[in-house]
**Student:** 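Structure below; questions to follow.
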Amino acid sequence: MPSFYEDNDDLRFYVERGIDWAPLVHLTEYDGRAPDAFPTTADAVAFYTEVLELVGRFAAEDVAPVASRIDRAHPTLEAGEVVTPEVHRALFEKISGLGLHGLCLPRELDGMNCPFLLFSLNNELLARADVSVTAHHGFHMGMAMAMLLYSVLEGSTTFDQENGRISSTRFAEAIAGIVSGAEWGSMDITEADAGSDMARLRCVGVLGDDGWRVSGEKIFITSGHGRWHFVIARTEPVSEAAFGGLDGLSLFLVPAWSEGPDGARVRHGHLGTVEDKLGHNGSVTVSIRFDDAPAHLVGARGDGFKQMLLLMNNARIGVGFEALGLCEAAYRAARGYAAVRRSMGKTIDRHEMIADLLDEMRTEIQGLRALGVTAAWHEEMGQKIRLKLQFFAPSEPGERASLERQLRRHQRAARRMTPLLKFLASEKAVEHARKAIQIHGGSGYIKEQGVEKLLRDAIVFPIYEGTSQIQALMVMKDTLLGVVKDPAAFFKRAAASRWRAVSGRSAADRALARLEVLRDGAIQHLLGRLLTTKVRELRHQPVRSWRDAMRGWDPKRDFALALLHAERLCALLAHVEVASVLYEQVRAHPDRADVLDRWLDRAEPRCRHWHDVITTTGKRLLASLDGAEAADQAAK
Ligand SMILES: Cc1cc2nc3c(=O)[nH]c(=O)nc-3n(C[C@H](O)[C@H](O)[C@H](O)COP(=O)(O)OP(=O)(O)OC[C@H]3O[C@@H](n4cnc5c(N)ncnc54)[C@H](O)[C@@H]3O)c2cc1C
């Protein structure tokens, strides 16, 4: 019986040995408070494994065989409603039947109470069969979890302290609809003039006598034909401050329809178009217009951007696992074909260049999985510790302080790793799909073979949930500001890496330290250039204004070199992060040394390249951009 879980040794390593399940199970089971909690971690993990075995078989037997039909059968818009093809509907009925829409929801909300990390692994398995099915599935469970999380954070969920069960939660009706599979949600951010630049959002939320109402049009909304829409809308005027456009946004949950007295659907959100896309055809993408739609404010007014980031962070981890599943599909198709296709006296997997491509794909998949699992683990640990502190805080001050420290550590790690994962996995999915086509030769370009679909599906990863460039900007900003906040710590760490690069205790330790030296060199160069530009500018200003000038950075002008090299810096940091994660893994599991060695082998020359480009290029392009800007000013 084919199974995408059982045939994957690397994935099984994480479930069986690589994931530190104990603290996660402990938190997920509210410290064993609930009467139906798993008695031991081993019992919980045995159940999680059963779920993955089931999903692995479902992906291999039910989803993969219909992936090309899903790709060809497009949804349509009829009388203002989306009609999905039969093959799609039948598949989602099966997913509902398996109970997967409630995988991580608490038992009292009809869920299975599994950790969110299991949902990520579930997504990888499904994405290996078809990423668009995974995307739509994600807008069920993911949105129900978001409703619960937002409600917990704003204080509209109550818990029974005795057994850790939820007694009431604000969006219970919506969650119940989603768990049943009849309903799902969406995340409505993008507008015609506002994609990456959320400060330009124009959709508005207005508070009237009968509550909040939302108006405006959102485009490119995945699964936007569902009932529950998280809509970000402007509730306050744009302020003059830098990035002030982000301050006046609020988050709303907007039902796209309600039931009229006769039971008929009364629409508040009107579907405009169903997009005809390059790929991802099992995932419906629509535009939707809200005209004075009744809306529920989520959290505090004006906090919308912050709230949306929370949702997007989870979604970015989700995209990381979708991309990973697609990489796995591309690698397996390429490996299978290369093992039987003969050329010049041998199968093509014996030709050096093809063997190298396959080895590279395998290594990168293992690196991405290590990063993905670690990022998802930290994100979930952070969220669950925060929940524990809010509702079940220990009375002993020392215990509480220790939890708070753990919370900060997990949050820092998740914040650092999430954009790196989204960036690297998305870019690799496109590369791997392209390589799979190349390894298939002419057959790869022919639709019947099915690998060209992977490339069409993959190309959206670096675009949605924040483009690769936007991930790179976030990583660059966090990295440089982190150093500016505590330069002493940075230089101390950098010196330690330089020392380890020559005197580390093992070849792997020295190789990892060499990567860190390249990373720190690139960061130091960008910061050095940034400060030099600033100091040069200060020379022409009175000394008394220096303090203000040093405080007031103009991100466009002062960070130009860092902005130029943000993607390279992000790629470099992602490679070092994967190396560090694998290095730690090998300390606990020495049999994984081969994965680390292969990663280090490929990472070092790449990091050296990015370091060299960052530290030696950019002047010419920035001068030409300055020239273009000056010409624009003169023309005004
Ligand atoms: C299939 C699909 C599904 C989607 N699903 C959803 C959804 O569910 N919900 C939703 O709200 N949106 C969704 N989107 C929209 C998606 O999130 C946006 O397309 C994306 O954020 C980019 O915005 P944009 O298209 O306006 O491009 P732009 O923001 O105009 O960007 C164009 C290019 O410029 C680059 N760029 C922009 N600003 C900068 C900068 N400061 N520095 C460097 N480069 C920059 C971008 O990286 C990109 O390469 C979806 C899109 C697609 C294609």
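Reckoned from all heavy atoms, side chains included, excluding hydrogens, waters and symmetry mates. In each ligand, atom 1 is the first atom listed, and ligand 1 is the first ligand listed.
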**Student:** So His101 and Met143, do their side chains get closer than 4.5 Å, heavy atoms only?
**Tutor:**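 When only atoms from C-beta onward are counted, His101 and Met143 do not touch, as no gap falls below 4.5 Å.
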**Student:** Taking 4.0 angstrom as the limit, do Arg267 and Glu81 come out as a salt bridge?
**Tutor:**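 A salt bridge links Arg267 with Glu81.
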**Student:** Looking only at protein heavy atoms, which one is nearest to atom 7 (C) of ligand 1, and how far off is it?
**Tutor:**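 Of the protein heavy atoms, Phe220 O, 3.3 Å lies nearest.
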**Student:** Could you find the nearest protein heavy atom to atom 36 (N) of ligand 1 and give me its residue, atom name and distance?
**Tutor:**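 Checked against all protein heavy atoms, atom 36 (N) of ligand 1 sits closest to Ser196 OG, 4.4 Å.
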**Student:** About how many Å separate CG of Asn122 and CZ of Phe58, when rounded to the nearest 0.5 Å?
**Tutor:**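 CG of Asn122 is found 10.0 Å from CZ of Phe58.
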**Student:** Are any of the N or O atoms of Ile189 closer than 3.5 Å to those of ligand 1?
**Tutor:**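 Yes, Ile189 has an N/O under 3.5 Å of an N/O on ligand 1.
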**Student:** Does Met187 have a non-hydrogen atom less than 4.0 Å from ligand 1?
**Tutor:**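 A heavy atom of Met187 does come that close to ligand 1.
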**Student:** Quick one, Thr285 with Thr222, criterion side chain to side chain donor-acceptor pair (under 3.5 Å). Give me CA distance, side-chain angles, the key distance, then yes/no.
**Tutor:** CA-CA 4 Å; Thr285 311; Thr222 303; 4.7 Å; no
**Student:** Hydrogens and angles aside, do Gln383 and Glu379 bring a side-chain donor and acceptor to less than 3.5 Å of each other?
**Tutor:**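 Yes, Glu379 and Gln383 have a side-chain donor paired with an acceptor closer than 3.5 Å.
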**Student:** Provide, to 0.1 Å, the distance between atom 52 (C) of ligand 1 and the closest protein heavy atom, together with that atom's residue and name.
**Tutor:**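 Scanning the protein heavy atoms, the shortest distance from atom 52 (C) of ligand 1 goes to Val460 CG2, 4.0 Å.
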**Student:** What protein heavy atom is closest to atom 18 (C) of ligand 1, reported as residue, atom name and distance in Å?
**Tutor:**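 Ranking protein heavy atoms by distance from atom 18 (C) of ligand 1, first comes Thr190 OG1, 4.0 Å.
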**Student:** For the 3.5 Å polar cut-off, considering only N or O atoms, please tell me whether Asp197 and ligand 1 meet it.
**Tutor:**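 N/O-N/O distance below 3.5 Å does not exist for this pair.
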**Student:** To which protein heavy atom is atom 20 (C) of ligand 1 closest, and what is the distance rounded to 0.1 Å?
**Tutor:**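 Nearest protein contact, heavy atoms only, for atom 20 (C) of ligand 1 is Ile463 O, 3.6 Å.
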**Student:** Heavy-atom distance under 4.5 Å between the side chains of Phe92 and His140, does that happen here?
**Tutor:**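 When only atoms from C-beta onward are counted, His140 and Phe92 do touch, with a gap below 4.5 Å.
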**Student:** Does the protein put any heavy atom within less than 4.0 Å of atom 4 (C) of ligand 1?
**Tutor:**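 Under the 4.0 Å cut-off, atom 4 (C) of ligand 1 does have protein heavy-atom neighbours.
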**Student:** Does Gln469, backbone or side chain, put an N or O under 3.5 Å from an N or O of ligand 1?
**Tutor:**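 Checking ligand 1 against Gln469, an N or O pair does fall under 3.5 Å apart.
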**Student:** For Trp257, is the NZ or CZ atom of Arg265 found under 6.0 angstrom from the centre of its six-membered ring and inside 45 degrees of the ring axis?
**Tutor:**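 Verdict for Trp257: a cation-pi partner in Arg265.
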**Student:** Counting only non-hydrogen atoms of the protein, does one fall under 4.0 Å from atom 34 (O) of ligand 1?
**Tutor:**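 Within 4.0 Å of atom 34 (O) of ligand 1, no protein heavy atoms are found.
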**Student:** Take Ser196 and Gln469 through the side chain to side chain donor-acceptor pair (under 3.5 Å) test and state the conclusion after the steps.
**Tutor:** CA-CA 9 Å; Ser196 306; Gln469 287 73 34; over 6 Å; no
**Student:** Is ligand 1 under 4.0 Å from a heavy atom in the side chain of Lys277, in the backbone, in both, or in neither?
**Tutor:**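 Side chain only; the backbone of Lys277 stays clear of ligand 1.
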**Student:** Can an N or O of Tyr464 be found at a distance shorter than 3.5 Å from an N or O of ligand 1?
**Tutor:**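 Not met; the criterion fails.
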**Student:** Under a 4.0 angstrom heavy-atom cut-off, which atoms of ligand 1 come close to Thr467?
**Tutor:**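 Near Thr467, meaning under 4.0 Å from one of its heavy atoms, ligand 1 has 22 (C), 46 (C), 47 (O).
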**Student:** Would Thr222 count as a polar contact of ligand 1, with the cut-off being nitrogen or oxygen pairs under 3.5 Å?
**Tutor:**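 It does: an N or O of Thr222 is found under 3.5 Å from an N or O of ligand 1.
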**Student:** Among all the protein's heavy atoms, is there at least one whose distance to atom 30 (O) of ligand 1 comes out below 4.0 Å?
**Tutor:**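 Given the 4.0 Å cut-off, atom 30 (O) of ligand 1 does not count as touching protein heavy atoms.
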**Student:** Distance below 4.0 Å between atom 15 (C) of ligand 1 and any protein heavy atom?
**Tutor:**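 It does: a protein heavy atom is found less than 4.0 Å away from atom 15 (C) of ligand 1.
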**Student:** What do the steps show when you test His432 against Glu364 for side chain to side chain donor-acceptor pair (under 3.5 Å), and what is the final call?
**Tutor:** CA-CA 9 Å; His432 284 203; Glu364 288 174 346; 2.8 Å; yes
**Student:** Starting at NZ of Lys422, measure out to CZ of Phe461 and round the result to the nearest 0.5 Å.
**Tutor:**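 Spacing of NZ (Lys422) from CZ (Phe461) equals 9.0 Å.
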**Student:** Give the residue and atom name of whichever protein heavy atom lies nearest to atom 24 (P) of ligand 1, and the separation in Å to one decimal.
**Tutor:**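 For this ligand atom, the closest protein heavy atom is Gly195 CA, 3.9 Å.
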**Student:** Nearest 0.5 Å, what's the CG-NZ distance between Leu454 and Lys435?
**Tutor:**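 So the gap between those two atoms works out to 14.5 Å.
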**Student:** When you check the gap from the basic side-chain N to the acidic O, do Asp130 and Lys453 get nearer than 4.0 Å?
**Tutor:**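 Salt bridge present between Asp130 and Lys453.
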**Student:** Counting from 1, what ligand 1 atoms have a heavy atom of Leu473 closer than 4.0 Å?
**Tutor:**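 Going through ligand 1 atom by atom, the ones under 4.0 Å from Leu473 are 40 (C), 41 (N), 42 (N).
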**Student:** Any nitrogen or oxygen of Ile470, main chain or side chain, under 3.5 Å from a nitrogen or oxygen of ligand 1?
**Tutor:**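 It does not: no N or O of Ile470 is found under 3.5 Å from an N or O of ligand 1.
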**Student:** Any N or O on Thr285 sitting closer than 3.5 Å to an N or O of ligand 1?
**Tutor:**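 No: no nitrogen or oxygen of Thr285 is under 3.5 Å from one in ligand 1.
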**Student:** So if I count the atoms of ligand 1 from 1 in the order they appear, which ones are less than 4.0 Å from some heavy atom of Ile221?
**Tutor:**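 So the atoms of ligand 1 that pass are 7 (C), 8 (O), 9 (N), 10 (C), 11 (O).
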**Student:** One pair to check against side chain to side chain donor-acceptor pair (under 3.5 Å): His229 and Asp188. What are the steps and the verdict?
**Tutor:** CA-CA 6 Å; His229 293 246; Asp188 302 19; 2.6 Å; yes
